[in-house]
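A quick write-up on the structure given underneath.
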Amino acid sequence: MGPSSRSFNLGMLFIQNSKSMETQLSNGPTCNNTSNGPSTISNNCSSPVESGSMEDSKTNLIVNYLPQNMTQEELKSLFGSIGEIESCKLVRDKITGQSLGYGFVNYVDPKDAEKAINTLNGLRLQTKTIKVSYARPSSASIRDANLYVSGLPKTMTQKELEQLFSQYGRIITSRILVDQVTGVSRGVGFIRFDRRIEAEEAIKGLNGQKPPGATEPITVKFANNPSQKTSQALLSQLYQSPNRRYPGPLAQQAQRFRLDNLLNMAYGVKSRFSPMAIDGVTSLAGINIPGHAGTGWCIFVYNLAPDADESILWQMFGPFGAVTNVKVIRDFNTNKCKGFGFVTMTNYDEAAMAIASLNGYRLGDRVLQVSFKTNKTHKA
DNA sequence: TTTTATT
């Protein structure tokens with residue numbers, strides 16, 4: 001298989017990449033709406049006219065739509081690649097400890113916060129497109145401001161939904177749920193207002209009302225709070241295939257099987273997809289498994305450009321699965337990339353998929369070599 | 001017919 005045939009699944013990744021990289025040079029914080037996540041026309045980006053509050057932090061970010069399995073350490077690793085972090089917190093359910101899919105990153109330097117927005121907002125990680133924006137000052141008035149709207153006309157767009165609700169306040173996010181197969185609206189949506197009182201007014205004004213041109217009235221009420229699930233729902237969530245994610249196109253699955261079989265044959269391991277089984281063999285027999293570093297699977301990336309940085313590694317490998325760490329190796333004096341770097345991924349099959357897809361990938365005018373890291377020892 | 005946005 002030639003290098004050129006391997007870039008098949010990276011189109012979206014780099015459309016995205018070029019966007020975030022280019023906006024880095026533009027002026028000030030940008031209001032990037034992600035293409036496939038919930039978004040809003042009136043985003044919570046600070047504008048001098050709109051917010052004017054001198055209290056708004058310019059270092060503290062809220063990160064939304066994180067993959068369910070992403071840990072706080074991984075969050076810190078990702079955002080730490082931009083600049084020095086003062087603090088970092090992944091928000092978890094108080095009872096189950098499960099990630100709620102969002103977190104906070106507070107930088108030391110406001111310029112790094114701005115850079116993180118420009119570089120990482122819209123980054124694809126597994127099945128998610130993360131959103132990075134300035135955190136509003138925490139206060140009780142902004143909590144429980146999320147509305148559940150049902151009975152919407154199937155033809156209503158997100159923009160029209162926002163237009164309907166915007167008369168009641170500042171909208172932070174909006175979303176219309178669609179059928180996963182057909183993509184058609186389910187007539188159900190969400191509106192998150194900046195403040196709870198705005199949400200209350202919207203309920204008073206719109207619940208039971210017919211939107212312009214609609215034949216049926218809509219229902220507007222406060223959305224269920226994820227942390228208020230019944231214990232049953234929590235349990236079922238805990239046990240529903242936690243490791244099943246990002247199956248990808250059929251071709252990728254087939255390729256994954258081939259790779260697994262190859263590795264299994266090479267090391268005499270029969271149980272497929274089982275890093276633990278391989279790990280067991282490693283520790284029992286002391287065999288050196290390429291890339292296996294105990295905490296994950298270390299991947300060697302060769303032929304990076306001198307100006308390559310960590311974010312490019314996140315952007316390349318993030319979509320394939322859980323990435324715990326990335327590192328660009330730099331020259332001590334020039335601080336330029338020495339042409340290679342490392343990526344650590346948690347799961348073997350995802351790492352193998354990333355290698356299969358990215359080895360031979362053309363990045364700019366360079367063809368990358370991607371493989372499991374080998375334990376190279378200096379020749380005597 | 002309920003997505004994971006305020007520590």
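Convention: sequence-line order gives letters A, B, ...; per-chain numbering from 1. Side chains are part of it too, since the values below use all heavy atoms of this structure and drop only hydrogens, waters and symmetry mates. Note that the structure is predicted; figures quoted are calculated from it, not measured.
Checking B:dT1, B:dT7, B:dA5 against the side-chain heavy atoms of A:Ile62 singles out B:dA5 as nearest. With distances taken from any side-chain atom of A:Thr173 to the nucleotides B:dT2, B:dA5, B:dT7, the minimum falls on B:dA5. Closest contact between the side chain of A:Lys154 and the listed nucleotides B:dT3, B:dT1, B:dA5 involves B:dT1. Taking every side-chain heavy atom of A:Leu177 into account, B:dT2 is the closest of B:dA5, B:dT2, B:dT4. When the nucleotides B:dT1, B:dA5, B:dT6 are ranked by their closest atom to the side chain of A:Ile142, B:dT6 comes out on top.
Computed from coordinates, the A:Leu61 CG to B:dA5 P distance equals 16 Å when rounded to whole Å. Across the protein-nucleic acid pair, A:Asp144 atom CG and B:dT4 atom C1' stand 14 Å apart, rounded to whole Å. Taking atom CG on A:Leu147 and atom P on B:dT4, their separation rounds to 17 Å, with Å as the unit. Between the CG atom of A:Leu75 and the P atom of B:dT7 there is a distance of 16 Å, rounded to whole Å. Between the C1' atom of B:dT6 and the OH atom of A:Tyr65 lies a distance of 13 Å, rounded to the nearest Å. When rounded to the nearest whole Å, the span between CD of A:Gln180 and P of B:dT1 equals 18 Å. Whole-Å rounding puts the A:Ile130 CD1 to B:dT4 C1' distance at 15 Å. The CZ atom of A:Phe222 sits 19 Å away from the P atom of B:dT2 (whole-angstrom rounding).
Applying the side-chain contact (heavy atoms from CB on, under 4.5 Å) test to A:Ser150 and every residue at least two apart in sequence or in another chain returns A:Tyr148, A:Val188, A:Thr219.
The closest side-chain donor-acceptor pair between A:Ser174 and A:Glu162 falls under 3.5 angstrom.
OP1 and OP2 of B:dT2 both lie 4.0 Å or more from every side-chain N or O belonging to A:Asn224. Close to B:dT7, at under 4.0 Å from its OP1 or OP2, lies a side-chain N or O of A:Ser138. Contact between the side-chain N/O atoms of A:Arg175 and the OP1/OP2 oxygens of B:dA5 is not found at any separation under 4.0 Å.
Using a cutoff of 4.0 Å between basic side-chain nitrogens and carboxylate oxygens, A:Asp56 and A:Arg136 are not scored as salt-bridged.
Under the 3.5 Å distance criterion, the side-chain polar atoms of A:Arg170 are left unmatched by any main-chain donor or acceptor of A:Ile172.
In summary, the aromatic rings of A:Tyr102 and A:Tyr65 are positioned with their centroids too far apart to meet the 6.0 Å limit.
Not a single donor-acceptor contact under 3.5 angstrom links the side-chain atoms of A:Asn64 to the base of B:dT4. For B:dT6, its base sits under 3.5 Å from the side chain of A:Arg136 at one donor and acceptor pair at least.
As judged by a 4.0 angstrom heavy-atom cut-off over every strand, A:Lys221 is placed among the base-contacting residues. Counting any heavy atom pair closer than 4.0 Å across all strands shown, A:Tyr102 reaches sugar-phosphate atoms only and no base atom.
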Steps toward side chain to side chain contact (heavy atoms under 4.5 Å, CB included) verdict (A:Val301, A:Val343): CA-CA 8 Å; A:Val301 185; A:Val343 174; 4.2 Å; yes

Name the atoms and distances for all side-chain donor-acceptor pairs under 3.5 Å in residues 201-212 of chain A, with sequence neighbours left out.
| unit_1 | atom_1 | unit_2 | atom_2 | d |
| --- | --- | --- | --- | --- |
| A:Glu201 | OE2 | A:Lys204 | NZ | 3.2 |
| A:Asn207 | OD1 | A:Val220 | N | 2.9 |

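Using a 4.0 Å cutoff on non-hydrogen atoms, the parts of residues 190-201 of chain A near DNA chain B are A:Phe190, A:Arg192, ordered by number.
Annotation: cation-pi geometry not satisfied between A:Arg192 and A:Phe165 (NZ/CZ under 6.0 angstrom from ring centroid, within 45° of ring axis).
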